[in-house]
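Written below as structure tokens is the structure these notes are about.
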Number of protein chains: 2
Amino acid sequence: MLTERQLFILQILIDDYIRTAEAVGSRTISKRKEVTFSSATIRNELADLEDMGYIEKTHSSSGRVPSEKGYRFYVDNLLSPPVLSNNDVKDIHSLFAEKMVEVEKVIQQSAKILSELTQYTSIILGPEVFETKLRQVQIIPLSKETAVVILVADSGHVENQTITIPPSVSMSDIEKVVNIMNERLKDIPLVSLKSTMMQEMATVLKKHIENYNQVNTMLDNLFLYTNAEKVYYGGKTNILAQPEFKDVEKVRLLLNTFEQDDLMYNILRPEKKGIEVRIGQENDLEAMQECSIITADYFIEGKRMGSLALLGPTRMEYHRSMSLLGFLANDLTSTLTERYRSFKHW
Amino acid sequence: MLTERQLFILQILIDDYIRTAEAVGSRTISKRKEVTFSSATIRNELADLEDMGYIEKTHSSSGRVPSEKGYRFYVDNLLSPPVLSNNDVKDIHSLFAEKMVEVEKVIQQSAKILSELTQYTSIILGPEVFETKLRQVQIIPLSKETAVVILVADSGHVENQTITIPPSVSMSDIEKVVNIMNERLKDIPLVSLKSTMMQEMATVLKKHIENYNQVNTMLDNLFLYTNAEKVYYGGKTNILAQPEFKDVEKVRLLLNTFEQDDLMYNILRPEKKGIEVRIGQENDLEAMQECSIITADYFIEGKRMGSLALLGPTRMEYHRSMSLLGFLANDLTSTLTERYRSFKHW
DNA sequence: TGTTAGCACTCTGTTTCCTTGAGTGCTAAA
DNA sequence: TTTAGCACTCAAGGAAACAGAGTGCTAACA
């Protein structure tokens with residue numbers, strides 16, 4: 001168990017290291033005016049903290065640096081409740097002040113402002129299609145063999161896909177199919193569109209359509225990708241300014257990871273509720289071993305829709321970042337919920 | 001004017017430097033078996049070539065490195081006609097072999113293969129909407145105040161935008177507007193949609209619609225962004241592997257430039273026909289002073305639709321890159337033209 | 001018994017000096 | 001005109017020296 005004084009010293013050390021990115025020595029700490037005891041005393045305490053694994057040396061005669069265990073302890077026990085500066089609050093509110101109609105825009109703007117306020121990289125997982133439902137399907141012919149299928153969701157989201165029409169399928173067949181779809185699939189969640197279509201429509205289609213088999217193979221490629229959430233970034237290159245990324249090889253690794261949506265996708269699914277912090281090796285990805293990720297969820301009517309994240313060095317400003325993220329998540333939740341209500345009760 | 005031998009030496013020097021990224025000395029050149037004269041002779045020639053500005057020293061006793069003027073000369077005069085290896089041809093053809101329906105996919109795949117074959121970064125400017133024409137407009141209501149506007153172009157491209165509907169505008173008004181649009185705007189190029197709508201439809205609308213003014217302001221925000229071409233990338237991080245980008249600050253600058261579509265957009269509009277090479281400072285952008293860009297256009301039925309580009313260090317493999325780019329541009333042109341024909345004559 | 005001053009020791013980073021090697025330019029001979 | 005030879009230059013790399021920040025330990029102190 002840590003003594004009062006050890007807590008105090010650990011806190012000062014981590015705060016200092018976060019600010020300066022330089023190993024902190026006993027003298028640096030003792031020079032602070034809140035500190036009344038001598039550097040020798042601090043040295044003893046530091047040795048104990050090191051034994052317990054909260055801090056480490058970079059070499060035998062260096063100052064101390066927080067270990068991952070140290071950061072973990074700091075985040076879990078040493079942070080005061082979230083507070084935001086008035087400026088930050090103002091910046092965020094000004095974002096939601098202008099009524100943006102498109103969800104996509106709102107999210108893009110959120111990513112932008114997060115990265116600007118923190119100088120880290122922000123990542124946002126787009127709203128889960130999970131709960132958005134189909135409003136309407138349309139098929140618009142382009143040529144003899146091709147047509148565009150357009151899905152409109154109740155959230156205003158539009159998906160489209162070009163398909164090839166087998167020669168044996170006639171225009172009137174397609175019209176019939178679309179009509180049946182709009183009857184049967186309306187208000188079905190996008191994510192289960194494919195399975196519902198296959199189950200529920202099969203019998204109806206068979207009855208009304210001649211070339212059932214051809215139509216079926218045509219529909220087979222449809223609605224496949226609709227459940228992929230989109231990943232948005234803000235300040236992708238911000239994190240390169242951190243001294244942790246002096247080495248171009250690390251930069252390459254990280255940026256390559258950014259390009260792989262599926263990896264990012266996994267990282268952004270938080271395991272707990274609320275604001276979650278993953279520090280250093282707690283992230284599985286090799287490219288992010290020296291990074292921390294803070295995630296928070298946003299909701300629509302109580303249902304989780306996606307998440308916001310900030311990616312910084314393990315030495316990141318946890319307190320401010322967490323406050324900011326929590327605040328923005330709340331604002332996003334209420335903005336989106338409001339929008340959604342106006343759609344739903346219509 | 002350069003002598004036969006000077007040409008010969010310059011060619012060897014640049015080829016060598018492109019391969020090794022190391023300054024080339026007189027002995028290195030003389031050791032080549034095609035070279036019959038001594039290193040002393042070469043030293044004299046190198047001095048002359050330096051006086052003429054084709055090569056430079058990195059310091060007073062170093063080997064020589066091509067200058068930008070040297071590269072320019074090399075590209076303009078020393079390259080043999082484009083030839084591709086069988087492997088490259090095969091790789092590219094296999095790309096176009098599988099019938100991809102969506103233009104977007106074709107282009108993304110092209111970007112990918114270009115970057116994989118060259119290990120540089122490829123950039124593709126999406127097909128100009130310039131010539132694509134409106135096939136159909138649809139408005140689908142989402143709530144009392146909002147609706148999605150969907151444009152389908154004859155190329156299969158779909159644009160959508162959420163709009164707010166003023167309370168005074170009724171549903172039947174909107175239906176009327178859409179009908180008029182589909183009558184009057186069909187086959188209008190997307191790029192001139194806005195202006196055509198404002199001119200041609202004004203009178204008709206006034207006649208049929210009560211709240212002409214409200215409808216008008218509603219339409220005012222519409223169709224604004226449709227003429228922005230999209231920029232696609234392949235191997236964004238490839239170029240970071242080049243020794244020219246050891247410095248993270250340069251990396252940051254370059255990647256930031258990538259994020260700014262308008263800048264990239266300008267770079268990719270070639271001034272000449274055919275394959276264009278811009279070397280080092282010939283690029284205006286600060287971030288690309290040590291890079292070269294090779295661009296080529298692709299066409300649909302003879303009309304320029306967009307361009308392909310490869311971004312590498314000034315020390316890039318010009319010959320292979322240019323061959324590859326030209327070849328892919330041709331293939332893309334014919335593939336797209338074919339697709340377009342099948343739409344048009346329908 | 002906890003705290004502190006003092007001191008020897010350790011390690012990093014920087015500077016300085018030296019050496020090596022690749023390369024040049026010039027001169028004089030072939 | 002070409003080439004061999006030679007003096008000279010510069011960058012890169014390594015060894016040595018030094019300064020500075022920091023530690024751990026001991027002994028004295030309150």
Side-chain angles (χ1 to χ4, degrees), chain A residues 1-10 12-17 19-67 70 243-244 246-247, chain B residues 1-10 12-17 19-67 70 243-244 246-247:
Chain A
M1 204 36 214
L2 293 177
T3 68
E4 252 337 277
R5 194 166 65 188
Q6 286 170 336
L7 289 177
F8 184 53
I9 289 177
L10 184 57
I12 291 182
L13 185 140
I14 299 187
D15 283 342
D16 214 78
Y17 183 69
R19 208 163 29 78
T20 64
E22 306 249 308
V24 185
S26 56
R27 278 209 73 211
T28 316
I29 296 180
S30 76
K31 262 187 288 188
R32 289 254 202 154
K33 54 179 175 306
E34 320 94 275
V35 175
T36 53
F37 29 89
S38 77
S39 67
T41 311
I42 295 172
R43 273 202 290 286
N44 291 331
E45 299 285 31
L46 289 181
D48 290 351
L49 284 170
E50 186 174 0
D51 284 345
M52 289 184 276
Y54 293 113
I55 56 180
E56 20 184 66
K57 292 193 251 188
T58 58
H59 63 261
S60 77
S61 74
S62 74
R64 304 304 208 292
V65 157
S67 68
E244 282 80 353
K246 272 198 301 263
D247 178 13
Chain B
M1 207 34 219
L2 292 177
T3 66
E4 247 345 91
R5 194 164 67 189
Q6 285 170 337
L7 289 177
F8 183 51
I9 290 177
L10 183 59
I12 290 181
L13 185 141
I14 299 187
D15 283 342
D16 213 78
Y17 184 68
R19 207 162 31 77
T20 64
E22 306 249 308
V24 185
S26 55
R27 278 209 75 211
T28 317
I29 297 181
S30 76
K31 262 187 289 189
R32 289 252 201 155
K33 56 179 173 307
E34 320 94 277
V35 175
T36 53
F37 29 89
S38 78
S39 67
T41 311
I42 295 172
R43 274 203 289 287
N44 291 331
E45 299 285 31
L46 288 180
D48 290 349
L49 284 169
E50 187 174 1
D51 284 343
M52 290 183 275
Y54 293 113
I55 56 182
E56 17 184 68
K57 293 193 251 187
T58 58
H59 59 85
S60 77
S61 73
S62 74
R64 304 305 208 293
V65 156
S67 68
E244 281 80 354
K246 271 198 304 259
D247 178 14

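We name chains A, B, ... by the order of the sequence lines, and we start the count at 1 in each one. Both backbone and side-chain heavy atoms feed into the values below; hydrogens, waters and symmetry mates do not.
One can place NE2 of A:H59 at 11 Å from P of D:dG24, the figure rounded to the nearest angstrom. The NZ-P distance, from B:K31 to C:dA22, rounds to 8 Å in whole Å. For B:E4 and D:dT1, the CD to P distance is 17 Å, given to the nearest whole Å. Taking atom CZ of residue B:R43 and atom P of nucleotide D:dC8, one finds them 16 Å apart after rounding to whole Å. Between the CD1 atom of B:I29 and the P atom of C:dA22 there is a distance of 16 Å, rounded to whole Å. Distance, A:Y17 OH to D:dG22 P: 14 Å, rounded to whole Å. In this entry the distance linking CZ of A:R27 with P of D:dT23 reads 11 Å, nearest Å. One atom, CD of A:E56, and another, C1' of D:dT23, lie 16 Å apart when rounded to the nearest Å.
In the set C:dC7, D:dT2, C:dT4, the nucleotide with an atom closest to the side chain of B:R5 is D:dT2. Comparing D:dG24, C:dG25, D:dT3 by their nearest atom to the side chain of B:A40 picks out D:dT3. Each of C:dT24, D:dG24, C:dA5 was ranked by its minimum atom distance to the side chain of A:S38; first place goes to C:dA5.
Heavy-atom contacts from other residues, nucleotides or ligands closer than 6.0 Å to CZ of B:R5 number more than 12. The environment of B:R27 atom CZ is sparse: at most 12 non-hydrogen atoms of other residues, nucleotides or ligands sit within 6.0 angstrom. Other residues, nucleotides and ligands contribute over 12 non-hydrogen atoms within 6.0 Å of the CD atom of A:E34.
Rounding to the nearest 0.5 Å places CZ of B:R64 at 13.5 Å from CD1 of B:I14.
Contact between the side-chain N/O atoms of B:S60 and the OP1/OP2 oxygens of D:dA11 is not found at any separation under 4.0 Å. For A:S62 and D:dG22, the shortest distance from a side-chain N or O to OP1 or OP2 is not below 4.0 Å. Within the structure, a side-chain polar atom (N or O) of A:K57 is placed less than 4.0 Å from OP1 or OP2 of D:dG24.
Evaluation of atom-type donor-acceptor distances gives no pair under 3.5 Å for the side chain of A:R64 against the base of D:dG24. A donor and an acceptor atom sit less than 3.5 Å apart, one in the side chain of B:S61 and one in the base of D:dT9.
Using a 4.5 Å cut-off on side-chain heavy atoms (C-beta onward), B:T28 and B:E22 make no contact.
Residue B:T41 is the one, among A:S26 and B:T41, whose nearest nucleotide of DNA chain D lies closer to the 5' end (criterion: closest heavy atom).
Counting any heavy atom pair closer than 4.0 Å across all strands shown, A:S39 reaches no nucleic acid atom.
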